[in-house]
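Below is one structure; the comments refer to it alone.
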2 protein chains.
Amino acid sequence: MGENKDILKKNGLKSTKSRKLILEVLEKSKEPMSAQKIFNNVRHQGELDFSTVYRTLSTLTDKSIIIKNIEDNGKAYYQINNHNHSHYLICSECKKRILIDACPLEEMAKNLEKITGFHISGHKLEFIGECPECLKKDKL
Amino acid sequence: MGENKDILKKNGLKSTKSRKLILEVLEKSKEPMSAQKIFNNVRHQGELDFSTVYRTLSTLTDKSIIIKNIEDNGKAYYQINNHNHSHYLICSECKKRILIDACPLEEMAKNLEKITGFHISGHKLEFIGECPECLKKDKL
DNA sequence: CTAGCTGCAAATCCTTTGCAAGAAA
DNA sequence: TTTCTTGCAAAGGATTTGCAGCTAG
């Protein structure tokens with residue numbers, strides 16, 4: 001629990017209420033969260049301003065303590081950066097996410113570097129589909 | 001050139017100035033374009049309202065005549081749907097895009113369906129890096 | 001004490017919508 | 001004619017910013 005203090009210090013950030021609260025909330029959540037949802041969760045215990053939430057998310061993202069992703073609805077979702085490379089299978093109905101642990105792309109990336117002369121720093125991969133539960137519901 | 005008329009008719013859409021203009025602009029462009037950029041291009045020849053541009057893009061997207069993508073800046077980019085599955089290697093500096101024609105994911109998708117029970121309808125894959133030109137510039 | 005954070009209110013950017021007039025089938 | 005599409009102006013939602021007061025180091 002004191003861990004977050006250390007993470008912040010290590011990144012040259014002051015240890016403030018908002019940062020600790022938001023990191024706590026994100027750690028508890030299995031899903032990436034929108035700024036709005038984070039705000040709602042944080043609101044109960046201690047009242048943060050919306051702009052503070054955004055500013056905090058922004059600095060935490062800059063330091064790569066958390067990861068920001070923009071989804072198809074155009075909104076940003078935030079999650080703890082656990083530093084292990086991961087991809088998801090996402091249900092188009094209920095938005096459930098399943099972690100895919102295999103990643104076949106490192107090899108492909110190396111190949112592409114050779115062919116194109118790019119220096120490749122990362123990739124994004126998502127599979128979209130319908131999960132078994134939603135498939136069942138659709139049949140009703 | 002009369003082609004677009006046909007595409008529209010085939011999809012049950014009236015053949016209007018805005019639709020034909022926007023399709024023309026998108027066809028000429030190699031890159032996905034933002035609504036703003038499309039608006040600028042169209043503005044010269046015939047004056048369309050911004051809301052009309054958005055509405056047109058929206059209906060064309062609904063009919064899958066064009067494809068809408070939300071990039072990391074949170075803005076939507078539109079491109080003609082050429083119906084051939086494709087992925088890109090994108091330079092993080094100059095945003096240049098290079099088409100990747102191999103796709104190693106169909107097989108992986110089938111595997112995932114078996115394991116998870118999902119019905120997988122699609123996937124997204126992008127490689128991010130720096131292109132040779134930008135790498136050179138960075139060294140200066 | 002001092003740099004860096006916060007709250008508040010207002011602004012900005014992209015996108016959507018209501019409505020009355022206009023164009024396609 | 002009838003239905004769909006447009007322009008205009010105004011609203012909407014997500015995110016950002018300026019500024020003065022506050023807080024961690």
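To find a chain, count down the sequence lines: A is the first, B the second, and so on, and within it residues start at 1.
- In this entry the distance linking CG of A:Leu8 with P of C:dA3 reads 21 Å, nearest Å.
- Residue A:Ser18 is in sugar-phosphate contact alone, with no base atom involved, counting any heavy-atom pair closer than 4.0 Å across all strands shown.
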Using atom types as modelled, flag every donor-acceptor pair under 3.5 Å from a side chain in residues 68-75 of chain A to any protein atom, sequence neighbours excluded.
| unit_1 | atom_1 | unit_2 | atom_2 | d |
| --- | --- | --- | --- | --- |
| A:Glu71 | OE2 | A:Arg97 | NH2 | 2.6 |
| A:Asp72 | OD1 | B:Lys124 | NZ | 2.7 |
| A:Asp72 | OD2 | B:Lys124 | NZ | 3.4 |
| A:Asn73 | OD1 | A:Lys75 | N | 2.9 |
| A:Asn73 | ND2 | A:Tyr77 | OH | 3.2 |

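- Base contact: A:Ser51 has a heavy atom under 4.0 Å from a base atom.
- One atom, CD1 of A:Ile38, and another, C1' of D:dA14, lie 13 Å apart when rounded to the nearest Å.
- In terms of phosphate contacts, A:Ser58 brings no side-chain nitrogen or oxygen within less than 4.0 Å of OP1 or OP2 of D:dT16.
- Using a 4.0 Å cut-off, some side-chain N or O of B:Thr16 falls inside it from OP1 or OP2 of D:dT6.
- With the nearest nucleotide of DNA chain C identified for both B:Lys14 and B:Thr52, B:Thr52 has the one nearer the 5' end.
- Atom CZ of B:Phe50 is separated from atom P of D:dC8 by 14 Å (rounded to the nearest Å).
- Residues of residues 65-73 of chain B having a heavy atom closer than 4.0 Å to DNA chain D: none are found.
- A donor N or O paired with an acceptor N or O is found under 3.5 Å between the base of C:dG7 and the side-chain atoms of A:Arg55.
- Nearest heavy atoms, A:Glu47 versus A:Lys17: O-NZ, 4.0 Å.
- Two residues, B:Tyr78 and B:Leu13, neighbour DNA chain C, and the one matched to the more 5' nucleotide by heavy-atom proximity is B:Tyr78.
- A:Ala109 and B:Phe127 make their closest contact through CB-CE2, 3.8 Å (heavy atoms, listed as atom of the first residue, atom of the second, distance).
- Distance CG (A:Leu60) to P (C:dC5): 11 Å, rounded to an integer number of Å.
- In this structure, the NZ atom of A:Lys75 is 19 Å from the P atom of C:dC14, given to the nearest Å.
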### Task
Please assess A:Glu31 against A:Lys37 for the test salt bridge (charged side-chain N to carboxylate O under 4.0 Å, His left out), listing each intermediate value before the final yes or no.
CA-CA 11 Å; A:Glu31 319 259 331; A:Lys37 198 165 179 186; over 6 Å; no

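- Two residues are said to be in side-chain contact when any heavy atoms from C-beta on lie closer than 4.5 Å; B:Leu48 and B:Phe50 fail this criterion.
- The CG atom of A:Asp49 sits 9 Å away from the C1' atom of C:dA9 (whole-angstrom rounding).
- Using a 4.5 Å cut-off on side-chain heavy atoms (C-beta onward), B:Glu126 and B:Ile90 make contact.
- One can place NZ of B:Lys17 at 14 Å from P of C:dG22, the figure rounded to the nearest angstrom.
- Looking at B:Ser121, its side chain does come within 3.5 Å of a backbone N or O of A:Ile128 through a donor-acceptor pair.
- Contact annotation: B:Tyr54 side-chain N/O to C:dT16 OP1/OP2 distance is not under 4.0 Å.
- Look at CD on B:Glu47: it is 9 Å from P on D:dG7, rounded to the nearest Å.
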